[in-house]
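In each ligand, atom 1 is the first atom listed, and ligand 1 is the first ligand listed.
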Amino acid sequence: MTLDQKWSQAMRILITNDDGIHAPGLKALARAASGLGEVKVCAPDRERSACGHSMTMREPLRVRSAEGWSLPAYEVNGVPTDCVNVGLTELWPEGCDLILSGINAGPNLGFDITYSGTAAGAMEGTINGIRSMAISMAIFVSDAPAHFETGEEWLVENWPMLLGLPLDHLTFLNINIPAIASPELQGHAFVGMGERVYKDRVERREDPWGRPYWWQGGVVVMDPSDEGADVWAVSRGKVAITPVSLDWTNRRLLDAYRMRD
Ligand code: MN
């Protein structure tokens, strides 16, 4: 692997996820990043998927050294946002060069980004002014293999490309890798955020005592024909790479509103 001159020194890397410290995708990401520099891991002590960009404020955060790791790894009783902030304070007090979040066991396409704890890890890194990436395996059938080995291989091969991409202030990379065997990958595509909405989101059921409860899930509706969107890319076996800006301002409307003054 040849890296840009700029990235040739060992990088200081912080890794987190939202699937928890024991998730196989986290280990795959740590292995993939180990060739880039010094990796430290700070991740939730249990699965916190779909926690979004929440943070823990009303209770103390406890940090413990995690077992089963050959590099510095810590588990936190919090969410990815907490983990990034604890990691930056305690593990990399001098700052770090790269924050990676993942590899998530499931896609983070379209509006998923707003629910995603994986994306939130990268968002928090971005807010701290550090180059950040959220990485997910696009699995669409529950219990289908996640193919983390595909993600790991693809990342190792593509770090120079990914680290060479110019980034703007407040922008991170959201990367979705199709959950298929490596030889089946159809390269990568730079794409926009697609539309992925959930139908029949809340299901009403009854417990054994006849009391109703509700379970959120629902069928995902997405339009893979929307060429140029992340959903389109992964449905064609391509790794989807999207630059996501934390500036949610609609500039076109803002300009239009100002014209009315
Ligand atoms: Mn997750």
Side-chain angles (χ1 to χ4, degrees), residues 13-33 39 41-56 61 66 68-69 73-87 99-126 132-152 154-155 172-180 193-194 196-198 201 215-220 222 230-231 233-234 239-242 244 246:
I13 303 161
L14 179 64
I15 292 185
T16 193
N17 74 348
D18 75 355
D19 292 338
I21 189 79
H22 302 297
L26 185 67
K27 290 229 162 88
L29 182 54
R31 279 194 303 270
V39 174
V41 175
C42 192
D45 58 4
R46 64 202 123 111
E47 202 202 321
R48 304 302 295 257
S49 291
C51 64
H53 198 194
S54 63
M55 65 191 290
T56 305
L61 292 170
W69 286 85
Y74 297 86
E75 54 179 80
V76 179
N77 62 335
V79 290
T81 301
D82 302 325
C83 294
V84 167
N85 288 323
V86 167
I99 292 188
L100 302 171
S101 185
I103 302 173
N104 190 58
N108 278 305
L109 299 161
F111 306 130
D112 291 343
I113 295 174
T114 64
Y115 305 110
S116 168
T118 307
M123 286 161 74
E124 197 61 17
T126 304
S132 300
M133 304 180 196
I135 303 150
S136 307
M137 296 308 302
I139 314 164
F140 294 105
V141 183
S142 44
D143 298 329
H147 285 287
F148 290 117
E149 77 290 350
T150 298
E152 187 179 333
W154 186 86
L155 286 169
F172 70 93
L173 293 182
N174 186 41
I175 300 166
N176 281 275
I177 303 166
I180 51 181
M193 239 177 93
R196 193 161 181 266
V197 292
Y198 292 81
R201 187 94 205 234
W215 200 295
Q216 272 204 118
V219 183
V220 175
M222 52 184 198
D230 49 14
V231 172
V234 293
V239 175
I241 304 171
T242 304
V244 178
L246 291 185

Applying salt bridge (charged side-chain N to carboxylate O under 4.0 Å, His left out), which residue pairs with at least one partner in residues 105-125 are found, sequence neighbours left out?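 Counting only pairs at least two positions apart or across chains, the salt bridge (charged side-chain N to carboxylate O under 4.0 Å, His left out) contacts touching residues 105-125 are D112-R196.
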Checklist entry - Excluding waters, how many protein N/O/S atoms sit closer than 2.8 Å to the Mn ion (ligand 1)? => result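 For the Mn ion (ligand 1), protein nitrogen, oxygen or sulfur atoms under 2.8 Å: 4.
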Pairs involving residues 135-145, ordered by first then second residue, that meet side-chain hydrogen bond (donor to acceptor under 3.5 Å, both in side chains) (sequence neighbours left out):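 Of all non-adjacent pairs touching residues 135-145, those that pass side-chain hydrogen bond (donor to acceptor under 3.5 Å, both in side chains) are N108-S136.
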Q) Just by modelled atom types, is the N104 backbone N or O under 3.5 Å from a matching donor or acceptor in the D19 side chain? A)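 Judged by distance alone, no pair lies under 3.5 Å.
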*asked:* Using side-chain heavy atoms (C-beta onward) and a distance below 4.5 Å, is F140 in contact with V234?
replied: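 Answer yes - side chains close enough.
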Could you list the residues that satisfy side chain to side chain donor-acceptor pair (under 3.5 Å) with D82, not counting sequence neighbours?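 In terms of side chain to side chain donor-acceptor pair (under 3.5 Å), with neighbours along the sequence ignored, D82 is linked to T56.
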- Verdict with reasoning, T242 to N174, per side chain to side chain donor-acceptor pair (under 3.5 Å): CA-CA 5 Å; T242 304; N174 186 41; 5.2 Å; no
